[in-house]
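To start, the structure under review is shown below, and the notes come after it.
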Amino acid sequence: MKCSSCHREIVENLTLLELFFPSNIRCFHCQEQFKRIVWEQACPGCGRKNNPALCSDCQKWQKQSSFLLNNRALFEYSDGFQEWIEFFKFKGDYQRRFAFSTELKEALSAYPHYTICPLPLSEERFGDRGFNQVSACLDAAGVTYFPLLKRKRHDTPQAGKKREERLQLQQPFEMAPDGKKMRASKVLLVDDVYTTGRTLFHAADCLLENGFTTVKSLTFAR
Ligand SMILES: [Zn+2]
Ligand SMILES: [Zn+2]
């Protein structure tokens with residue numbers, strides 16, 4: 001049996017259960033790569049581990065923004081996770097999209113009435129990489145999602161623009177054609193890593209301005 005992340009043959013002993021449900025079995029090395037965050041003990045704003053009160057980063061966001069994302073993250077951004085993302089996203093090892101399908105699907109079951117929306121890449125990025133790393137993992141987990149957003153095209157240089165126009169440009173997203181037609185109220189944004197949260201806040205802002213009432217987010221790591 002092959003590991004769902006690195007595809008090496010698994011030599012460790014498998015339990016009977018794993019033999020009957022082999023969809024998402026990782027080798028010992030890859031199992032160690034992914035460290036789950038316990039949601040009940042995480043920051044209610046960004047999903048940071050072992051931080052049950054709002055963390056200092058989220059307190060800053062609270063002053064700037066009228067909402068919080070209630071982000072939840074599956075895994076710690078550990079060396080192991082970094083290794084996975086390096087192979088998958090930057091070296092283009094597309095097979096790694098199956099690495100945590102079971103955990104992803106299970107986590108999304110906590111959002112039954114939400115429309116799932118992966119963060120889009122710019123056309124340029126998409127062209128370079130050949131796949132959207134978030135959609136690829138959702139596909140691997142058999143999850144239905146809707147591309148409500150798209151990246152704006154920045155073809156005019158920023159210099160020479162008025163201040164208000166420049167501020168507008170900081171918003172990298174706009175509604176995708178399908179997003180404009182969609183009348184869902186609750187959206188769950190999905191991204192790979194929560195770093196500063198800025199990109200997710202922009203995406204949520206765009207949706208809230210376009211009539212969606214609740215926007216939360218889920219990331220693979222924090
Ligand atoms: Zn492995
Ligand atoms: Zn936080």
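Hydrogens, waters and symmetry mates play no part in the numbers below; they use all other heavy atoms, side chains included. Just so you know, residue 1 is the first one in the sequence shown, and it goes up from there. Numbering of ligands and ligand atoms starts at 1, following listing order.
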Does the shortest distance from the Zn ion (ligand 1) to an N/O/S atom of C30 fall below 2.8 Å?
yes
Check ion pair R153-E123 (N to O, under 4.0 angstrom):
yes
On the ring face of Y194, is R222 found with NZ or CZ under 6.0 Å from the centre and within 45° of the axis?
no
Roughly, to 10 degrees, what angle do C6 atom SG and C27 atom SG form around the Zn ion (ligand 1)?
110°
Just checking: H7, one of its N/O/S atoms, less than 2.8 Å away from the Zn ion (ligand 1), yes or no?
no
Which angle, to the nearest 10 degrees, do you find at the Zn ion (ligand 2) between SG in C46 and SG in C43?
110°
Do Y94 and F87 make the cut of ring centroids closer than 6.0 angstrom?
no
Relative to F34, does R36 satisfy both conditions: NZ or CZ under 6.0 angstrom from the six-membered ring centre, and within 45 degrees of the ring's axis?
no
